[in-house]
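Remarks on the structure that follows.
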Protein chains: 2
Amino acid sequence: MDALAEYFKVFSEPNRLSVLDALRAGPLNVTAVVEKTGHSQALVSKHLKLLTIAGVVRRRPEGSLVFYEVIDKSVFKLLARAEKLMLTAKRQQLDALAAIL
Amino acid sequence: MDALAEYFKVFSEPNRLSVLDALRAGPLNVTAVVEKTGHSQALVSKHLKLLTIAGVVRRRPEGSLVFYEVIDKSVFKLLARAEKLMLTAKRQQLDALAAIL
DNA sequence: AATTAAAACAACAGCATCATGATGCTACGT
DNA sequence: ACGTAGCATCATGATGCTGTTGTTTTAATT
């Protein structure tokens with residue numbers, strides 16, 4: 001239960017999520033992620049490290065560049081499922097509100 | 001992207017996850033959750049409030065008791081998927097570790 | 001009305017996390 | 001060997017979250 005919470009924590013940060021999303025189409029090196037996300041280099045590097053430690057992303061040095069890529073693309077299915085759940089949750093909230101009025 | 005991160009944050013806390021898990025079998029009142037989880041009453045109340053605001057759980061007063069129940073049980077599928085992903089991720093981590101040694 | 005049990009609220013201390021700016025470190029080209 | 005680009009790390013300040021204690025509300029019971 002503890003480990004699961006930590007795993008969810010990986011995806012509970014907007015900037016980290018955007019870094020992960022930048023890798024959706026395929027591997028990118030750090031600078032490319034920086035440009036794609038608009039975040040500072042230090043920040044991107046940090047989040048990529050976290051994602052690597054979490055086992056979500058793989059680090060692959062190539063010459064003087066370092067490429068990162070998503071290991072198991074089914075993480076995006078997780079994101080999609082969460083998004084769907086979130087939407088229905090919000091709708092339920094509205095329904096609950098309507099039931100009161 | 002922001003909202004998604006916040007939604008994930010709901011599940012990124014061990015105690016909150018255990019509170020949610022306590023409601024897996026069905027509705028419970030606060031005291032029952034307290035007994036099932038072993039957490040303090042105040043803490044349980046707090047987490048239940050959060051889960052309610054997040055739209056994961058529904059609050060239903062009944063007499064002097066207040067029952068809580070999971071609105072959409074497919075949240076547990078989200079948890080299961082995350083757990084699965086986590087396990088494969090950990091294996092990949094071990095492999096990566098082994099590649100270094 | 002007073003009492004009691006259940007649940008929520010408030011204030012506080014402690015802790016973790018995040019973003020930034022600066023600095024270090026590698027690998028490559030000249 | 002030197003300079004540079006790419007990436008990682010460090011130290012710091014700021015912010016937010018968690019859990020506890022103590023109090024308050026709500027509802028039922030006598």
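Chain letters run A, B, ... following the sequence lines, proteins first, then strands; residues in each count from 1.
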Testing the basics here: between [X] and [Y], what is the closest heavy-atom pair and its distance to 0.1 Å?
{"X": "A:Lys36", "Y": "A:Leu28", "result": "CD-CD1, 3.9 Å"}
{"X": "B:Pro14", "Y": "A:Ala5", "result": "N-CB, 3.5 Å"}
{"X": "B:Ala82", "Y": "A:Phe8", "result": "CB-CZ, 3.5 Å"}

### Bounds of contact between DNA chain D and chain B, in 5' to 3' order, using a heavy-atom cut-off under 4.0 Å
D:dT18 to D:dA28
### Nucleic acid contacts - residues 45-69 of chain B versus DNA chain C, non-hydrogen atoms under 4.0 Å
B:Ser45, B:Lys46, B:Lys49, B:Arg59, B:Ser64, B:Leu65, B:Val66, B:Tyr68
#### Entry: Those residues of residues 5-39 of chain B lying under 4.0 Å from DNA chain C by at least one heavy atom
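Those residues whose heavy atoms fall under 4.0 Å from DNA chain C, taken from residues 5-39 of chain B in numerical order, are B:Asn29, B:Val30, B:Thr31.
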### Message
For the CD atom on A:Glu69, are there more than 12 heavy atoms of other groups (residues, nucleotides or ligands in this structure) within a distance under 6.0 Å?
### Response
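Result for CD/A:Glu69: enclosed.
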### Task
Have a look at B:Val33 and tell me which of B:Thr37, B:Thr31, B:Val30 forms a side-chain contact (heavy atoms from CB on, under 4.5 Å) with it.
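Single side-chain contact (heavy atoms from CB on, under 4.5 Å) partner of B:Val33 among B:Thr37, B:Thr31, B:Val30: B:Thr37.
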### Task
Determine yes or no for a side-chain-to-main-chain donor-acceptor pair under 3.5 angstrom, with B:Arg16 supplying the side chain and B:Val10 the backbone.
yes
### Query
Would you say the side chain of A:Tyr7 lies within less than 4.5 Å of the side chain of A:Asp2, judging by non-hydrogen atoms?
no
### Heavy-atom side-chain contact between A:Leu48 and A:Leu23 under 4.5 Å
yes
### Task
Any chance you could measure A:Thr52, atom OG1, to B:Gln92, atom CD, to the nearest 0.5 Å?
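Reported to 0.5 Å precision, the distance equals 12.5 Å.
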### Query
Does a salt bridge link B:Glu83 with B:Arg81, judged by any charged N lying under 4.0 Å from a carboxylate O?
no
